[in-house]
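Below: the structure, in C-alpha cells.
So that the names make sense, note that chain A is the first sequence line, chain B the second, and so on, each numbered from 1.
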Amino acid sequence: MLDIKLLREQPDEVKRQFARFGVDGTLVDRVLVCDERRRTLLREVEELKAQRNTVSKAISKLRDAAEREPQIAAMREVGDRISLLDKALTQVEEEQRAALLELRNLPHPDVPDGKDDSENPVIYQEGEARQLPFPAKPHWELGEALGIINFEQGVKLAGSRFYVLRGLGARLQRATIQWLLDLHIRQGYLEVYTPFVVKEAALWASGQLPKFRDNLYRDEESGLWLVPTAEVPVTSLYADEILEAAQLPVHHVAYTPCFRKEQLSAGRDVRGIKRGHQFDKVEMYRFERPDQSYAALEQLRRDAEECARLLGLPFRTKLLCTGDLGFGSAKTYDVEVWAPGQGEWLEVSSCSNVETFQARRANLRYRPEPGAKPEFLHTLNGSGLGLPRTIIALLENYQQADGSIVVPEVLRPYMGGIAEIR
RNA sequence: GGGCAGGUCGCAUAGUCUGGUCUAGUGCGCGGCACUGGAAAUGCCGUACAGCGGAAACGCUGUCGAGGGUUCAAAUCCCUCCCUGCCCGCCA
C-alpha cells in the first residue's frame, strides 16, 4: 500500500511511475477524490460530536427536567445528523481503502524499463549453461525411470499437475529442505514453523489479495486460505505490532508447502514437476530498518545464491525490469539455476524488497528511537530455495550417462550417506 | 459439539449489578527530576495509537476483544461474532 500523503503531495510523479507499468492514473484520481470528500465529512462530523459531548455533559448536571428537555431534543437531532454523516464517511473510507489496495508499489530507481522477463538484465553469473558429455535427459524421464517420481499416482489422487515422490526421490527433497533450513540458520535466520492456512487478512497484508484471488485455494466453511508461499504467514507474524529498533533486524526462515491453483498459467510448463498446484519451498524473510533495507536486499540475494553455489549448480542472477516486477515489489532479483535436461534456466529464488508496501497493509511498525513515533519498517522476502525446481536442477545436472544420479556432497549427510540414486 | 467463567492503558487489577462525578483509578514496569559521595529506599512529574485541523504550541474526534443496536449520553444495557481458561462429550 502506498502512503496517502505521497499521493496527495506528488500525484503526478506517482502516475508517471505507474505509466512505466502501463497502468493509468485513474485509480490515483479516485483515491484523491475520496480523500478530499473524506476529510470534509470528517471535519463536519467531528465538530458535531464535540458539540454533543459538551452538551451531554452539561445535561448530566441539570436537575430540572424542564431545562433538560429542549437540550435533549436538540441533541437528538444532532445525533441523527451524526449517524447520517458517519455512514457516508464509512462508505467513502472503504472506497478509498479499496482503491489504495489496488495500487501496486512504486519501483526503486534501479529498476530498468522492459516489456517482460526477456528484458531482465543478468547482473551476476557463476557457471555456464553447460552441455553434459552425453545426451542429457529431462528430469521427468530420469525420475520415472528411477521410480522416484510418479506422475500417474499424483493424477489419480488429485488430478493434473500433481505428482508423487517415492523412495529416494522423496528423501532427496526432504534432505534438501533440511539442508536449506540448516544453511539459513547458519546465515542468521530464525526458523519458524507456521500454520499452512491463514485468515483472509494475511493475504491482504502480504499483497496476494486482491490480485491473485483466482489463484488461491480456500475453505469456504472456515474462511481459511491455503498459503501460496510462506511469505504470507510470516508477513503477518508481527502484524499490528510496534517493534523496538533494538529488536531489528528480524530474520526468519520458514519451510512450508505452497498451494496455487495456477489458473493464470494454464497450459504452461505442463510436463514434469516445474509448476504444480502444490510445491515445497524454504523462504527467507527480513524485517529491516528502512535505511538498511537495500543493503539487506544484497545480503538476501547472496544468501539465496549461496544455496545454488553449495549445491554445485550453475546459476545466474537477474534484475527484474518493469515488465516482470511483482505487484508489491520495489526491486527484485531472480536467481536462476541451469537445467541441462530441459535446456533452460529455472527461477529458484525471487528476492524482493517491498519496502513499506506490506508493512502498511499489515500495520507493522517499529520505533526508531525509544520514545519516538512509530514508523513503518521495510520487509524483504526471498526463496531459499523453491524445491521442485531445485530438485529438477539436481537431477538434471547430476545425472550420469546410465541415468543414475550422483547425490551432491552437501546433501549426503542428510541422505544417510547415500551417494547415488540408481 | 454442550456448559461455566472471562477479554479494561506494556503487565496485573478496579470500574460493569445501579449509564452521566471515568478527563478509565491503583500497583508494577519504563523514562525524567529531586534527595545521595554513589546507590537503594522515598517523593514528584510523565508514560498508548490513529485520524483531522494547526507553522508550532496545542486542540478536537475515535479506540475498554470486534461489529451492530438502545440513549441526549455506553467500559457500563441489548444482540451477533471472535478469542482465552476450566469442565463434559467426541476424536484423528
Side-chain angles (χ1 to χ4, degrees), chain A residues 1-9 31-101 157 194-205 218-225 233 236-248 250 257 287 356-377:
Chain A
M1 196 154 68
L2 297 177
D3 186 356
I4 180 65
K5 293 195 191 90
L6 180 69
L7 298 197
R8 245 183 241 156
E9 286 157 21
V31 171
L32 292 174
V33 167
C34 289
D35 191 49
E36 252 329 290
R37 174 149 174 72
R38 181 179 66 86
R39 284 191 289 168
T40 306
L41 284 168
L42 191 62
R43 250 169 293 176
E44 195 181 343
V45 75
E46 286 189 352
E47 212 169 288
L48 289 173
K49 283 180 179 173
Q51 187 192 342
R52 181 176 65 181
N53 287 345
T54 312
V55 175
S56 287
K57 188 156 290 182
I59 289 173
S60 71
K61 297 202 169 78
L62 294 178
R63 300 259 170 266
D64 186 357
E67 279 182 82
R68 294 169 67 121
E69 254 338 296
Q71 303 275 8
I72 288 173
M75 284 311 102
R76 191 174 295 141
E77 270 176 48
V78 170
D80 289 345
R81 176 96 182 121
I82 286 172
S83 80
L84 219 65
L85 290 172
D86 262 340
K87 281 195 181 85
L89 186 60
T90 305
Q91 200 178 340
V92 73
E93 275 170 350
E94 273 167 13
E95 194 181 333
Q96 179 180 333
R97 182 166 171 81
L100 222 37
L101 286 169
L157 289 170
T194 70
F196 300 159
V197 292
V198 292
K199 298 177 188 173
E200 182 174 330
L203 290 148
W204 286 99
R218 75 177 287 211
D219 172 44
E220 202 69 45
E221 194 187 355
S222 66
L224 295 175
W225 304 59
S236 289
L237 229 35
Y238 309 107
D240 298 316
E241 293 185 25
I242 300 169
L243 305 180
E244 293 306 320
Q247 295 176 254
L248 295 178
V250 174
F287 300 86
T356 59
F357 184 83
Q358 291 177 336
R360 285 178 191 282
R361 288 170 165 246
N363 189 29
L364 166 54
R365 291 168 295 171
Y366 81 110
R367 203 181 296 283
E369 305 287 338
K373 266 185 85 66
E375 287 177 20
F376 292 110
L377 46 72

Span that lies between the [atom1] atom of [M] and that of [N], in whole angstrom:
| N | M | atom1 | value |
| --- | --- | --- | --- |
| B:G15 | B:U21 | C1' | 14 Å |
| B:A12 | B:A73 | C1' | 31 Å |
| B:A48 | B:G10 | C1' | 9 Å |
| B:U70 | B:C82 | C1' | 23 Å |
| B:A14 | B:U26 | C1' | 7 Å |
| B:G65 | B:U84 | C1' | 10 Å |
| B:G31 | B:C83 | P | 37 Å |
| B:A39 | B:C35 | C1' | 12 Å |

Nearest whole Å is fine: how far is [N] [atom2] from [X] [atom1]?
| X | N | atom1 | atom2 | result |
| --- | --- | --- | --- | --- |
| A:Lys61 | B:U21 | NZ | C1' | 8 Å |
| A:Glu77 | B:A73 | CD | C1' | 17 Å |
| A:Asp240 | B:C83 | CG | C1' | 15 Å |
| A:Leu224 | B:C82 | CG | P | 12 Å |
| A:Met75 | B:C72 | CE | C1' | 7 Å |
| A:Asp80 | B:A73 | CG | C1' | 14 Å |

### Query
What distance do A:Arg97 atom CZ and A:Arg361 atom CZ have between them, rounded to the nearest 0.5 Å?
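Answer rounded to 0.5 Å: 8.0 Å.
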### Value rounded to 0.5 Å, distance of CD in A:Gln91 from SG in A:Cys34
10.0 Å
[N]: pairing nucleotide in any strand, Watson-Crick or G-U under 3.5 angstrom:
| N | value |
| --- | --- |
| B:G38 | none |
| B:A66 | B:U80 |
| B:C58 | B:G53 |
| B:G89 | none |
| B:G19 | none |
| B:U13 | B:G25 |
| B:G31 | B:C45 |
| B:A73 | none |

### Message
Each nucleotide in nucleotides 49-70 of chain B should get exactly one letter: B, S or -. Can you fill that in based on protein heavy atoms under 4.0 Å?
### Response
SSBSS------BBS--------
Any side-chain heavy-atom pair from [X] and [Y] closer than 4.5 angstrom?
| X | Y | value |
| --- | --- | --- |
| A:Leu100 | A:Leu7 | yes |
| A:Asp219 | A:Trp225 | no |
| A:Leu89 | A:Arg38 | yes |

### Query
Are the side chain of A:Ser83 and the backbone N or O of A:Asp80 linked by a donor-acceptor pair below 3.5 Å?
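Yes, A:Ser83 side chain to A:Asp80 backbone: donor-acceptor pair under 3.5 Å.
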### Under 3.5 Å side-chain donor-acceptor pair for A:Arg52 and A:Ser56
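On atom types as modelled, these side chains do not qualify, holding no pair under 3.5 Å.
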### Message
Is it the case that over 12 heavy atoms from other parts of the model lie below 6.0 angstrom from the CD atom of A:Glu47?
### Response
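Counting other residues, nucleotides and ligands, CD of A:Glu47 stays at 12 neighbours or fewer.
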